[in-house]
Amino acid sequence: MPLKGFQSLCNKHAARIVSKDEGNPQYHKGNNIGKAYVTHYKIDGVVITKKERCDYLLINEETHTAYLIELKGSDLVKAARQLEITENHLHRELFGYQVRYRIVANKCKTQEIRTSEYRKYQIRWKGRLIQRTGFIEENI
């Protein structure tokens, strides 16, 4: 169900949904190949204004899949924490949805990916987390 009180950034059956912050090179692109009903929201500063939060929420309303998207410079642990805080904040709205986590970093060091704190998120989210440098493009 779309977030009440907020306007989706995309058309209902948009073919491509791009999450990108102005002035930053990293982005997430969702390809809506089945022309499903989708919604897309700017979380940071719009839906959530007061605490740590991720940047975007993309929802495939037909498959009940929600993508929490964080566009980050390089701090993966902070990015994962922002995704988790956003999910907790929106837990009522996301009830019944399979939540997936996306981190698109500008740069990433191998030692940061292997830290115990970041590994805890990878283990907890068992394959629902995708982290890439530069961009993520996927079929939603």
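The chain is numbered in sequence order, starting from 1.
Hydrophobic clustering, with ILVMFWY side chains joined whenever heavy atoms are under 4.5 angstrom apart, keeps Leu76 apart from Tyr67. Note on Leu3 and Leu94: same hydrophobic cluster, where clusters join Ile, Leu, Val, Met, Phe, Trp and Tyr whose side-chain heavy atoms are under 4.5 Å apart, directly or indirectly. Hydrophobic clustering (ILVMFWY, side-chain heavy atoms < 4.5 Å, transitive): Val99 and Phe6 are in one cluster. Cluster annotation: Ile59 and Val46 are assigned to the same hydrophobic cluster (Ile/Leu/Val/Met/Phe/Trp/Tyr, side-chain heavy-atom contacts under 4.5 Å, transitive). A continuous path of ILVMFWY side-chain contacts below 4.5 Å connects Leu71 to Ile17, so both sit in one hydrophobic cluster.
Within the model, atoms NZ of Lys20 and NZ of Lys29 stand 11.5 Å from one another, a figure rounded to the nearest 0.5 Å. Here OH of Tyr41 is found 8.5 Å from CG of Leu9. Values are rounded to the nearest 0.5 Å. In this structure, Lys78 NZ and Glu52 CD are separated by 5.5 Å, a value rounded to the nearest 0.5 Å. To the nearest 0.5 angstrom, Arg53 atom CZ is 15.5 Å from Asn88 atom CG. The line from OG1 of Thr86 to NE2 of His91 is 13.5 Å long, rounded to the nearest 0.5 Å. From Ile69, atom CD1 reaches atom OG of Ser19 across 3.5 Å, with rounding to the nearest 0.5 Å.
Of all heavy-atom pairs spanning Asn106 and Pro25, the tightest one is OD1-CG, 3.6 Å. Ala15 and Lys35 get closest at one heavy-atom pair: CB-NZ, 3.5 Å. The shortest non-hydrogen separation linking His13 to Asn32 is C-ND2, 3.9 Å.
Residues satisfying the salt bridge (Lys or Arg N to Asp or Glu O under 4.0 Å) test with Glu87, not counting sequence neighbours, are none. Taking the ring pair (Phe, Tyr, Trp, His ring centres under 6.0 Å) definition, one finds that His89 meets it with nothing, sequence neighbours left out. For the ring pair (Phe, Tyr, Trp, His ring centres under 6.0 Å) test, residues two or more places apart in sequence or in another chain that qualify with Tyr101 are Trp125. For Arg16, there are no salt bridge (Lys or Arg N to Asp or Glu O under 4.0 Å) partners at least two apart in sequence or on another chain. For the ring pair (Phe, Tyr, Trp, His ring centres under 6.0 Å) test, residues two or more places apart in sequence or in another chain that qualify with Phe135 are Tyr27. The side chain to side chain contact (heavy atoms under 4.5 Å, CB included) test applied to Ile123 returns Arg119, not counting sequence neighbours.
Taking the side chain as every heavy atom from C-beta outward, His28 and Glu138 approach each other to under 4.5 Å. The shortest side-chain heavy-atom distance between Leu90 and Val47 falls under the 4.5 Å cut-off. Leu129 has its side chain within reach of Tyr118: a pair of non-hydrogen atoms, C-beta onward, lies under 4.5 Å apart. For the pair Ile103 and Leu83, the minimum side-chain heavy-atom distance is below 4.5 Å.
In this model, a donor atom of one side chain and an acceptor atom of the other lie less than 3.5 Å apart for Asp21 and Tyr56.
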Item to check | Chi angles and distances behind the side chain to side chain contact (heavy atoms under 4.5 Å, CB included) call for Ile140, Leu58 | outcome: CA-CA 9 Å; Ile140 59 155; Leu58 171 59; 4.0 Å; yes
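Just one of Arg128, Arg124, Lys120 meets the salt bridge (charged side-chain N to carboxylate O under 4.0 Å, His left out) condition when paired with Glu84; it is Arg124.
Atom CD of Glu62 has more than 12 heavy atoms from other residues, nucleotides or ligands within 6.0 Å.
In this structure, the side chain of Thr65 does not engage the main chain of Gln98 through any donor-acceptor pair within 3.5 Å. Formation of a donor-acceptor pair under 3.5 Å by the Glu70 side chain with backbone atoms of Asp55 is found in this model.
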